[in-house]
Amino acid sequence: MPIILLDDPDSTLAMLRDSVATLGARADGAATFRRRRAAAVDLDPETWASMAAAGWAGLVLPEAAGGMGLGAAELVALAEALGRALLTEPFSTLAVFPSVLLGALDADIDALAEALIGGAVLPVLWQGLRGEVRPLALADGRLTGEAHLVPGAQSAQVFLVLAEEAGEPVLVSVEAASAGLRVHSRPGIDGATLGSVVLHDAVAGPVLARGAAVTDAFDQAIRMTRLALAAELAGIASRALEITVDYTSNRVQFAKTIASFQAVQHRLVDMWAEAEFACSSVANAATLADQPAAFAQAVLAAKARAGDAATAITRKAVHLHGAMGFTDQCDIGLYLKRAIALNATLGQPEELRLAFLDAERAA
Amino acid sequence: MPIILLDDPDSTLAMLRDSVATLGARADGAATFRRRRAAAVDLDPETWASMAAAGWAGLVLPEAAGGMGLGAAELVALAEALGRALLTEPFSTLAVFPSVLLGALDADIDALAEALIGGAVLPVLWQGLRGEVRPLALADGRLTGEAHLVPGAQSAQVFLVLAEEAGEPVLVSVEAASAGLRVHSRPGIDGATLGSVVLHDAVAGPVLARGAAVTDAFDQAIRMTRLALAAELAGIASRALEITVDYTSNRVQFAKTIASFQAVQHRLVDMWAEAEFACSSVANAATLADQPAAFAQAVLAAKARAGDAATAITRKAVHLHGAMGFTDQCDIGLYLKRAIALNATLGQPEELRLAFLDAERAA
Amino acid sequence: MHPEQQDWNALSDEDFRAIFRDWVDANCPAHLRFMRKQRPVFDEVAEWYHALARKGWLSPVWPQEWGGMGLNAAKHIVYVEEWARLGCPRIPDHGIGLTGPLLIEFGTPEQKDFFLPRILSGEHVWCQGYSEPNAGSDLASLRTSAVREGDEFVINGQKIWTTLAHCANWILLLARTDKDAPKPQNGITVLLVDLTSPGVVVRPIPNLREEADFCEVFLDDVRVPAKNVVGQVNGGWALAKAVLGHERIFLGAPSRPEYALTRLEMLAEDRGAFDDPAFRSRYAKLRLDLYDLGSAFERFAKVLREGGTLGADVSVLKLFCSELYQRITEETLAVAGEEARFYDDLPVGSGHVDAMNLFLDARAPAIFGGSNEIQRNILSKAVLGLPSR
Amino acid sequence: MHPEQQDWNALSDEDFRAIFRDWVDANCPAHLRFMRKQRPVFDEVAEWYHALARKGWLSPVWPQEWGGMGLNAAKHIVYVEEWARLGCPRIPDHGIGLTGPLLIEFGTPEQKDFFLPRILSGEHVWCQGYSEPNAGSDLASLRTSAVREGDEFVINGQKIWTTLAHCANWILLLARTDKDAPKPQNGITVLLVDLTSPGVVVRPIPNLREEADFCEVFLDDVRVPAKNVVGQVNGGWALAKAVLGHERIFLGAPSRPEYALTRLEMLAEDRGAFDDPAFRSRYAKLRLDLYDLGSAFERFAKVLREGGTLGADVSVLKLFCSELYQRITEETLAVAGEEARFYDDLPVGSGHVDAMNLFLDARAPAIFGGSNEIQRNILSKAVLGLPSR
């Protein structure tokens, strides 16, 4: 079955995969998804704490900042395993994104890094409602403006904020408990709420970075988060395929298993091929992490490929589960919903492909 | 099997279909295609003469001009039958286009109409190499310029020419034998050559029409020609499907007929559905011929649908014929080539769909 | 004949369309138009149900002697088209569309007298008990048993995918009355079962949208009077297949993709997507697919209008329609962009677009009513005559 | 060992790539680069064939003792990649890729001594006689018979789809030597047959491009010395399947779609199609499909590079590659617009784009080498383990 094939000379990847499997066995992903959805919260605190305890919150945070300082290959292996296990806490957006963002700065991030590693929720405020980059306004040390699509907004201790001050981008933090900060939540398709955070003259922390350092850090954070999302999507795709192969191989109609019908077999083969391509595209990106220009392109390709594969495979998987697939009690629908959510996070395939093409043709 | 279902109160449509079948039995379409291709000519004179003798050259020419004065339904029935019989002489472009063009004019067209009805070849010069509208220049009764993608350019007696004189569109004729007129031919994918006609100070006949009358006549001619092309494409689609059902129902691999494999069956069903939709879309257009605005939209839809269906079905048909389908000796490849040619004539599907959308959203 | 009735079939389609549309438009409550929910429960639409019943227009195809409109297929199509165009809600319609026609054709006089008026009054709300956990597409293998004991049948078993059973009080049940029939479909009987009978338990099954469109129905020693058998004992298979008739055309009616396309258009307008030629190109394809679905629907409607009957080929509409519905809703999520992460409806200038609701709903029609794979199997034999070996 | 040879496998991939590329780029004639014709005949490329033979680089995988380069799979991939990147023409390669490896593994010393040098010299040009009119995808049902008479086999039958047989002088033939074998594949033998023998008639079959890529070969009492049997009599089935090995990866090598995409790009540039966002959107999809085909190819190449062997799953490359090639050429016709009516090449600023040539050529790879349907059947069993009942 499809897997992201990567060199693993010191077995770090295997250990990470095992450790996800262990957590997955304890914290039933599907049950957690449903519980979190019913509670209308943004994450499951217990699972999140377990993930932090395993060191994943700081997986890609530099060692100098107390993180594990691991690279693209380890990130990909972990995220793929999370996808497979349907562990749907917002790892990519709440662990990877702030880790890379902070790690890229030439600033004192020790306190923030310590909190992050310890399982604190530090969402980044930067997106508008349509997903575009929307800096808030910083003036006299106070923040005003709003950000949307914020993961973990209800559970946040501190927000990291992309703002503009005197026409220049700056990165600051703000306490979640600040006066002048309000959070509105809407349900997300993957069972976690997404917040809108509205600030009015909220007192900001000291400026962490300014100018090109901020945009560079954001670029890096977006890139690594996309890579993690791509790996998670590839994991979802592969696992949804396996589940569907199992189901159709056991479900009998007209005295034959569904999977013995040639039309179903060919469709499953096509789904497998999509998952294979998703995995190899993510592997390709992971191996290019030390070549910035090639990496940037490879990540665009991988996120687009894995997003298309995961959404298409899970849609077909739901269909191949027949009426059962249309019920909420069947886990396959959760894979579909999770795939849609991650596919729509940080750029849908069409947008990523066009960015790839633009970069290539500009080169 | 799919057919364009139309009311036929006085059995005219049935008669037209029978008459095509009769010609098809006599003039083997596939053989004629190959013969014409080998000879590098633009039409098969014998088949063309038979078609004229049957009255088809003037099928949609008004009765007042000596034509049969038939309408959209009859045109569709005839063209569909030609498509099915693989009778690939350029009926739509050399019979329908000039007939509608001339018939729409308030001018003395008797001599031209008589020639047309009698089987003379009267191509219309109006297209550039990319298919765009490209009027020639008329000054002091002389024509200069060039036109491309001209059917029947080698066999032409007279050309009808879209020209501009003093900034105004005019329609004139020019003798094929005129000094200052040269024809270059290139092979077409459907075995008929396409001409480039270059004129330099060639003496034109009298102006037949001028101004809005010209553009109106061209609009009508293009619309009816597209309708005929759509019907021909629908006929090709249906017949290619039948041939493929026959072939796969008789060809044995692994001790079973190919058509008994479920994956092949489902593909054939999808091809059938495409052909059905092509036929119903063309039928819809034919029934709206007396409602100009709705007709214009319906023709765009029909040509797009039938073009997509015919090219997709014939491609799949070639594939389902296996290695045999990749040979020139197998007729199915001729259907594919003919479908490509007609699909590319007067607008490919994408362009037609966008025209439909633009008109609808402008309304 | 109901006082409001007349010989509708004698009118032209246009005249009938105008009369029907005007009254419906004036009487269907605004808050029930273009409902987000595809399958509202009885109480939500009771007002509209009773208005139709009072007018005598609740059941378009029942004969007028039984309180229907007696429409022929052509007029029925007009009825359904205008209903969709005006955005009227789907009403619980198993009594009108299934039980009623079955009883009118095969029921005893007593069954007709008792049940038909109670359907029209809304006193009886019906559901359809065909599918079972191991007999979905393959109905012949159903196992719910009905064993005769004196004047009663004792029923044991389980039904599933029973649409709106939790809001119904009667179920039209297929049960096995002969386990030893040489062909499994020969031992099946149709029974009319009161869902309030002892031994019946109904459990809703939430769907992908977390709504309870359908249910499981458990039957444990449920006693049903023998007079509630419809047609012959062991003769239920033919009955179950007979009732569809010309109504199969409506499985391919363009209303769902049409509704979804208006939602896509609203979202695209609001988000400026029409300024993007790449979107226009994809939208144009969907728009013309819908347009041509209309032409194809008309091709089959024409057969009915001219008094013909429909063959297996009509299910091409269902195939195309269900897959188009899916493609439209997938494009809607693409236009939603990052907002496709939301589960709730998306605000647009003038209201909301239920992008995710439609996307999830669109998973269903390709499965229910015979999966698209089964339809293709049937078409390959019945229309193309493809060989089995 | 050929004087120009060395232990190529001891070099790094990068070093080998540089050496190979530099020499090929300097020695492959310009007029043979990026040829319109996918399968030139021997005479058209003889110059290049002999240059490679002189250099000792004609046969990448044969052991060096037989005049090959002895490349391992990783280096072989580099060889094929650079070959494609530099646009070198395909040379008649059945001797190098099929007969040679088969003889090296299964041939007698006499067969090796006689045949291998003649392949390298170009004296023997081979073709492959597997398929028959009723045994295309289903080789086990082949019927061409070889009957032993003394020291000879007498062969009767017909082969079809024999690529370039009309330019070959030897054929590697599969023939049935036991009609009564319990399993049909057990009665098949591999024979080396001189095409100039009496009783052989070769008839080219023009393809959709009106070129004779392949032929029919008729065999009428053709007498072949028994020493020309390869391996065991009746043991040919295993041999026929054995030779592919790691080379199956090349059925999915991106070179054809890559070439087609450059043609699409040329046409699109010339016609201004990149100014149309709808085209850009479709082009970007194709471009990234090609990019990801490269990633997938690398995923399998990595297995070989690390000394592993390829499973059935490698044919995913062939599926994707052949279908991508088709989609690219279809888009090229769409960009051609009205010019898709031409059969000949389309002029662009700097040369010509063979849009129709590529479109028609792209029909082939989805069929030959095991149709894509057969590949899916195999994958469904071998990779997904799907049940038969």
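Worth saying up front: this structure is predicted, and the values here are computed from it rather than measured. Numbered from 1 within each chain, the chains take letters A, B, ... in sequence-line order.
- The closest side-chain heavy-atom distance from A:T257 to A:R251 is not below 4.5 Å.
- Among D:L319, D:V316, D:L288, the residue with the largest count of heavy-atom pairs under 4.5 Å with chain A is D:L288.
- A:E242 places a side-chain heavy atom less than 4.5 Å from the side chain of A:R84.
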Candidate pair D:E323 and D:N372, rule side-chain hydrogen bond (donor to acceptor under 3.5 Å, both in side chains), full reasoning: CA-CA 9 Å; D:E323 292 170 8; D:N372 286 8; 2.9 Å; yes

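- Chosen from A:K256, A:Q262, A:R353, the residue pairing most often with chain D at heavy-atom distances under 4.5 Å is A:R353.
- For chain A, no part of D:F297 is nearby; none of its heavy atoms comes within less than 4.5 Å.
- Contacts between A:E276 and chain D at a heavy-atom distance below 4.5 Å involve the side chain alone, from C-beta outward.
- Annotation: maximal heavy-atom pairing with chain D below 4.5 Å, among A:P349, A:A278, A:S260, occurs at A:S260.
- Looking at A:L288, the atoms closer than 4.5 Å to chain D (heavy atoms on both sides) all sit in the side chain, from C-beta outward.
- Aromatic ring pairs are classed by plane angle as parallel below 30°, tilted from 30° to 60° and perpendicular above 60°; the pair A:F218 and A:F97 is perpendicular.
- In this structure, chain D has a heavy atom under 4.5 Å from the side chain of A:E360, while its backbone stays farther away.
- Judged by distance alone, the side chain of D:K318 and the main-chain N or O of D:P365 form a donor-acceptor pair under 3.5 Å.
- Between chain A and the options D:G385, D:S295, D:S281, the largest number of non-hydrogen pairs under 4.5 Å is found for D:S295.
- Proximity to chain D involves both the backbone and the side chain of A:A298, based on heavy atoms less than 4.5 angstrom apart.
- Taking the six-membered ring where tryptophan is involved, the planes of A:Y247 and A:H321 are essentially parallel, since the angle between them stays under 30° and well short of 60°.
- For D:E306, the part lying near chain A is the side chain, with the backbone staying farther off; criterion is any non-hydrogen pair under 4.5 Å.
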Stepwise, does the side chain to side chain contact (heavy atoms under 4.5 Å, CB included) test hold for D:L264 with D:F279? CA-CA 11 Å; D:L264 170 56; D:F279 169 75; 4.1 Å; yes

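- A cation-pi arrangement, defined by a distance under 6.0 Å to the six-membered ring centre and an angle within 45 degrees of its axis, is absent between D:R287 and D:Y291.
- With chain A as partner, the option from D:D313, D:V303, D:L317, D:L384 having the largest number of non-hydrogen pairs under 4.5 angstrom is D:L384.
- For D:K381, the part lying near chain A is the side chain, with the backbone staying farther off; criterion is any non-hydrogen pair under 4.5 Å.
- Note on ring orientation: taking the six-membered ring where Trp is involved, the planes of D:F16 and D:F20 are parallel (angle under 30°, cut-offs 30° and 60°).
- Per-residue heavy-atom pair counts under 4.5 Å with chain D were compared for A:A259, A:S281, A:S280, and the maximum is reached by A:S280.
- Heavy atoms of A:A283 lying under 4.5 Å from chain D are absent altogether.
- In this structure, chain D has heavy atoms under 4.5 Å from both the backbone and the side chain of A:D358.
- Once rounded to the nearest 0.5 Å, the distance linking OH of D:Y283 with CG of D:D276 reads 14.5 Å.
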